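What you see is a predicted model; the values in this text were computed from it and never measured. Below, read A as the first sequence line, B as the second, and so on, with proteins coming before strands; counting in each chain starts at 1.
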There are 2 protein chains.
Amino acid sequence: MAASVDTSNSSESPASALSPGPSFRPLYDQIKILLTQSLVAGEWKPGEAIPSEMELASRFRVSQGTVRKAIDALAAENILIRRQGKGTYVATHTEPNHQYRFLRITPNVGEMVYPTSIFLDVKRGKASAEIARGLDLKAGAPVTSIHRVLLFSAKPVVLDEVVVPSTKFPLLSLEKLEGSGDGKKGSLYSFFETAYGFRMIRAEERIRAVAADAFTAKTLRVAKGTPLLCVDRIAFTYGDKPVEWRRGLCLTENYSYYNELA
Amino acid sequence: MAASVDTSNSSESPASALSPGPSFRPLYDQIKILLTQSLVAGEWKPGEAIPSEMELASRFRVSQGTVRKAIDALAAENILIRRQGKGTYVATHTEPNHQYRFLRITPNVGEMVYPTSIFLDVKRGKASAEIARGLDLKAGAPVTSIHRVLLFSAKPVVLDEVVVPSTKFPLLSLEKLEGSGDGKKGSLYSFFETAYGFRMIRAEERIRAVAADAFTAKTLRVAKGTPLLCVDRIAFTYGDKPVEWRRGLCLTENYSYYNELA
DNA sequence: GAGTGGTCTAGACCACCCC
DNA sequence: GGGTGGTCTAGACCACTCT
C-alpha cells in the first residue's frame with residue numbers, strides 16, 4: 001500500500017537524467033505514469049473498469065481533481081474510456097466503436113462501409129533491414145508475416161502485408177487467424193488483443209503512390225501498372241513500443257484515404 | 001456590458017431545436033462559444049493576446065476555472081495558444097512554428113525540409129460541381145484558382161491547384177501573391193491571413209493514387225503515367241466554414257505523406 | 001514585484017446508470 | 001438510493017515573464 005507520490009517536488013531528484021531537466025513534474029503527470037504502469041503490468045485488462053476516481057485519489061493520496069486530470073489525459077489518447085455514471089474503462093479494439101479506429105480507407109461517396117478479410121498465407125522469415133529498423137529488432141530477427149486481402153462491399157480493395165516479431169506472436173498460423181471468433185470480420189488488432197494481449201494504442205503511417213506489380217494487379221483485379229496507394233504503418237503498444245509493421249497496397253478507384261488536419 | 005451567461009441551465013430553451021436535445025450545456029461550453037464569436041467578430045486578431053483568465057472570468061461572471069476549461073478546449077484545437085507567464089494568444093499561421101502546420105509531405109529520410117513556391121498562374125472562372133459542393137457555393141459561382149509548384153530542396157515535388165471564392169478573395173493576382181512578403185517562402189495560409197483576414201483552423205483531406213498526365217509529368221519532370229498522390233483538401237475557418245479547395249499532385253519518390261493515428 | 005498562466009485542493013452540487 | 005463521472009466554485013500557492 002502507501003503508494004503515495006513524490007510530493008516533495010523541489011529541485012532535487014533528476015529522476016532519469018535526460019535533458020537539463022524539467023526539474024518540475026506536475027502531480028497529475030506522475031499519476032498518469034503510475035496509471036500507465038498499471039496498464040502495462042496488466043493490473044486492469046482491456047475492457048475492464050479501473051477503480052473510481054475517489055478510490056484512486058485516496059490510493060495516491062491526492063485530490064480527486066488531480067486524478068481526474070491524469071485520467072483526462074489518458075482518455076484523450078484513447079487509452080482509457082470514460083462512461084458517465086458507470087466508470088472509467090480500459091479501451092479495447094474489441095468494442096464495435098473502436099474496432100476500426102485506425103482504418104482511414106473510406107468510400108468516395110455514400111456511407112461508411114467496413115471491410116472483411118481474406119487471409120492468403122502466414123509465413124515465417126527473417127526481418128529485412130527496413131522492418132528491423134521499424135520494429136526495433138536486430139536485422140534478421142525471426143518475424144511472421146501475414147498476407148490478406150481486404151474486401152469492401154465484397155470487392156478487393158487492399159492487399160496487406162502484416163509483419164510481427166515471431167517471439168511476441170508465437171504459434172501464429174492461418175488456422176489460428178481464421179479460427180478466431182473475429183477472423184473474417186473484425187480488425188486484426190482485436191485478434192492480437194484477445195489472442196496475445198497486445199493492445200495497439202498509436203500508429204504512424206507513410207503514404208506513397210506506386211504502380212501495381214503483376215501479383216497485386218491480379219489480386220485486386222486491375223491492370224498491371226495501375227496507380228495504388230502504398231501505406232506503410234508501424235503500430236505501437238503501451239510505452240510506445242513498436243509491435244507491428246504493415247504495408248497496404250490500396251486501389252483508390254472508389255475509395256480514398258481520409259484524414260483530418262487540425 | 002453585463003455579458004453574463006445563461007446560468008439557469010434548466011430544461012427550458014431548446015436553443016436551436018436539433019436532435020431531441022442535449023437539454024444541458026455546460027457553462028464552459030457556453031463560454032467557449034462566446035469566445036469563438038469574439039474571434040469571428042475580429043475582437044482579437046491573429047497574433048494578439050486575449051484578456052487574462054481573471055478578466056474574462058469577471059466579464060462572464062464565472063470562476064477562473066470555468067474560463068480556463070473553455071480556453072483549454074480552444075487551445076487543444078489550435079485556435080488559441082497559451083504562453084505561461086505572458087498570456088493567451090490568438091493562433092496565427094504567420095509564426096514560424098505554425099507556418100506549415102497542415103503540411104504532411106516529408107522527406108523519406110533525413111531531417112524535415114520545407115518547400116518554396118513557384119506560382120504559375122492565377123485565373124478566374126466558375127466553380128465546378130465538385131468544388132461548389134466542397135466550398136458550399138452555388139454551382140458556377142465565381143472562383144479564383146492558383147496554380148503553383150512546390151519545390152523541396154530546389155526540386156519540384158508537388159503541383160498544386162488552389163481554388164477560393166472570388167467574392168471572398170477579391171483582387172487576387174500573381175503580382176499580389178509574389179509581391180507579398182511571404183510569397184515564395186511561407187505558406188499560402190499566412191498570406192490569406194495577412195492579406196484577407198481568413199484564418200484556417202482545420203482541414204479535411206482525401207488521398208488517392210493517380211497517373212501523371214502530360215502537363216503534370218512535364219512540370220514534375222517525370223514520365224507521363226508516373227504514379228502520384230492526389231491530395232484533395234478542403235480548409236475551414238472559424239465556424240467550420242469551408243473557404244479553400246485544393247488539389248495537390250505529389251511525386252513520392254523521395255517524399256511521402258506522413259500521418260499519425262491516435 | 002506585479003501579472004499571467006499552471007497546479008492542487010476541498011467541497012458542493014448535477015447528470016447519468018443501475019439496482 | 002447509492003455510486004460514478006461531470007461541472008463549478010473559491011482560494012492558496014507555484015512557475016514563468018517582463019520590467
Side-chain angles (χ1 to χ4, degrees), chain A residues 4-13 20-35 44 47-76 79-91, chain B residues 4-13 19-35 44 48-76 79-91:
Chain A
S4 76
V5 182
D6 176 22
T7 175
S8 75
N9 209 338
S10 9
S11 47
E12 36 183 342
S13 84
S23 77
F24 174 66
R25 257 272 149 71
L27 249 187
Y28 67 78
D29 225 354
Q30 302 179 44
I31 306 289
K32 184 185 162 190
I33 292 172
L34 291 177
L35 292 175
W44 313 304
E48 290 180 8
I50 71 172
S52 75
E53 297 181 349
M54 281 308 221
E55 188 179 332
L56 290 170
S58 73
R59 176 189 304 190
F60 296 134
R61 301 171 159 285
V62 298
S63 78
Q64 189 207 11
T66 300
V67 169
R68 193 170 178 70
K69 200 159 178 185
I71 292 179
D72 278 345
L74 291 169
I79 290 173
L80 296 178
I81 300 182
R82 326 192 71 139
R83 284 199 242 269
Q84 179 168 161
K86 299 184 67 175
T88 300
Y89 295 77
V90 182
Chain B
S4 77
V5 183
D6 176 23
T7 175
S8 74
N9 209 336
S10 7
S11 46
E12 36 183 342
S13 85
S19 44
S23 79
F24 174 66
R25 256 272 150 69
L27 248 187
Y28 67 79
D29 225 352
Q30 302 180 43
I31 305 289
K32 184 185 163 190
I33 291 172
L34 291 177
L35 292 175
W44 313 303
E48 289 181 8
I50 71 172
S52 75
E53 296 182 350
M54 281 308 217
E55 188 179 333
L56 290 170
S58 73
R59 176 188 304 191
F60 296 133
R61 300 171 159 283
V62 298
S63 78
Q64 188 206 10
T66 300
V67 169
R68 195 172 177 68
K69 200 158 178 185
I71 292 179
D72 278 345
L74 291 169
I79 291 173
L80 296 178
I81 301 183
R82 301 174 154 280
R83 285 199 240 270
Q84 178 166 167
K86 300 184 66 175
T88 300
Y89 295 77
V90 182

Q. Between B/K69 and A/K86, who's closer to the 5' end of DNA chain D by nearest nucleotide?
A. A/K86
d([atom1], [X]; [atom2], [N]) in whole Å:
| X | N | atom1 | atom2 | value |
| --- | --- | --- | --- | --- |
| B/I71 | C/dG6 | CD1 | C1' | 12 Å |
| B/F24 | C/dC13 | CZ | C1' | 11 Å |
| B/M54 | D/dG11 | CE | P | 10 Å |
| B/R82 | D/dA15 | CZ | C1' | 14 Å |
| A/L80 | D/dG5 | CG | P | 11 Å |
| A/L56 | D/dT4 | CG | C1' | 12 Å |
| A/L27 | D/dC14 | CG | P | 13 Å |
| A/Q30 | C/dT7 | CD | P | 12 Å |

Any idea which heavy atoms bring [X] and [Y] closest together, and the distance?
| X | Y | value |
| --- | --- | --- |
| B/Y28 | B/A70 | O-CB, 3.4 Å |
| A/R82 | A/A75 | CG-CB, 4.0 Å |
| B/K32 | B/A73 | CD-CB, 4.0 Å |

Which nucleotide in the set [options] lies at the smallest distance from any side-chain heavy atom of [X]?
| X | options | result |
| --- | --- | --- |
| B/E53 | D/dC8, C/dC8, C/dG6 | C/dG6 |
| B/R68 | C/dC8, D/dG6, C/dG6 | C/dG6 |
| B/T88 | D/dT4, C/dG5, D/dG6 | C/dG5 |
| B/Q84 | D/dG5, C/dG5, D/dT7 | C/dG5 |
| A/T66 | C/dT9, D/dT9, C/dA15 | C/dT9 |

Q.
Is there a side-chain contact between A/R83 and the phosphate of D/dG5, meaning an N or O under 4.0 Å from OP1 or OP2?
A. no
**Q.** B/Y28 side-chain N/O to D/dC8 phosphate OP1/OP2 under 4.0 Å
**A.** no
Q: Please check if the side chain of A/E53 supplies one atom and the backbone of A/V67 the other of a donor-acceptor pair under 3.5 Å.
A: no
Q) With side chains defined as the heavy atoms from C-beta onward, is the minimum distance between B/I71 and B/L56 less than 4.5 Å? A) yes
